[in-house]
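Remember, it's 1-based here, ligands and their atoms both numbered in the order they're listed. Numbering starts at 1 and runs along the sequence shown. Below, each value reflects all heavy atoms present in this structure, side chains not excepted, and no hydrogens, waters or symmetry copies.
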Amino acid sequence: MERTLVIIKPDAVQRGLVGPILTRFERRGLRFAALKLMQITPELAARHYAVHKDKPFYPSLIKYITSGPVVVAVIEGNDAIKIVRTMMGETHPAQAAPGTIRADFGMEIGRNLVHGSDKPETAAFEIPLFFSDDEILSYQRAIDSWIYE
Ligand code: CMP
């Protein structure tokens, strides 16, 4: 079972897309291990996006991600990192495949609605930035045996 950090970004919250986006993950069979509404501070944004700090888009990225409330989640399942990223689509919505979140709801890279960890090491770094251990729950659902063999 793999865990990934998902951020439903300020544009998606403002556009009333929290429910539709979370529903997609839930319907797929993924499980929420943690979920909360929060405002990302500039300090937290700088830690989360440290890898991009020398990129030309960094200042606008920090402004965007701190511009309003976000919903953050730890989502788990077998191959959760790959499955979530495939569901989100390419970073630029214009390049994202139809049926993905970014293609179905987005128009440009600076308003791409969602973030998901790109690999296990990134998830291991990102999850503790947003959640303490006691906010992340381990549990089974009755439907899990209908999702996995
Ligand atoms: P995310 O998956 O959160 O990871 C880094 C973010 O930087 C990305 O989604 C976009 O929101 C943003 N980003 C990446 N490349 C660009 C770019 N060329 N111009 C503007 N924003 C970008």
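Listed by number with element, the atoms of ligand 1 under 4.0 Å from a non-hydrogen atom of His115 are 1 (P), 2 (O), 3 (O), 4 (O). Per-residue contacts place Arg102 under 4.0 angstrom from the following atoms of ligand 1 (heavy atoms of the residue considered): 2 (O). Atoms of ligand 1 found under 4.0 Å from any heavy atom of His52 (numbered from 1 in listed order, with element): 5 (C). Ligand-side atoms of ligand 1 in range of Tyr49: 1 (P), 3 (O), 4 (O), 5 (C), range being under 4.0 angstrom from any heavy atom.
For atom 18 (N) of ligand 1, the closest non-hydrogen atom of the protein is Phe57 CD2, 3.6 Å. From the protein, the heavy atom lying nearest to atom 10 (C) of ligand 1 is Asn112 ND2, 3.5 Å. In terms of protein heavy-atom proximity, atom 6 (C) of ligand 1 is closest to Leu61 CD1, 3.8 Å.
Using a 4.5 Å heavy-atom cutoff, the side chains of Arg31 and Asp144 are in contact. Between Val114 and Phe105, every side-chain heavy-atom pair lies at or beyond the 4.5 Å cut-off.
A distance-only check finds no donor-acceptor pair linking the side chain of Asn112 to the backbone of His92 [under 3.5 Å]. A donor-acceptor pair is defined here as one N or O able to donate and one able to accept, closer than 3.5 Å; such a pair exists between the side chain of Thr86 and the backbone of Lys82. Proximity of a side-chain donor or acceptor of Glu2 to a complementary backbone N or O of Ala80 within less than 3.5 Å is detected.
Both Val13 and Phe25 sit in one connected hydrophobic cluster of ILVMFWY residues. Membership requires side-chain heavy atoms under 4.5 Å apart, directly or through other members.
With a 6.0 Å radius and a threshold of 12 heavy atoms from other residues, nucleotides or ligands, Lys36 has its NZ atom above the threshold.
With a 4.0 Å cut-off on non-hydrogen atoms, Thr91 touches ligand 1 through its side chain and not its backbone.
In terms of N/O distances under 3.5 Å, ligand 1 is approached by Lys9.
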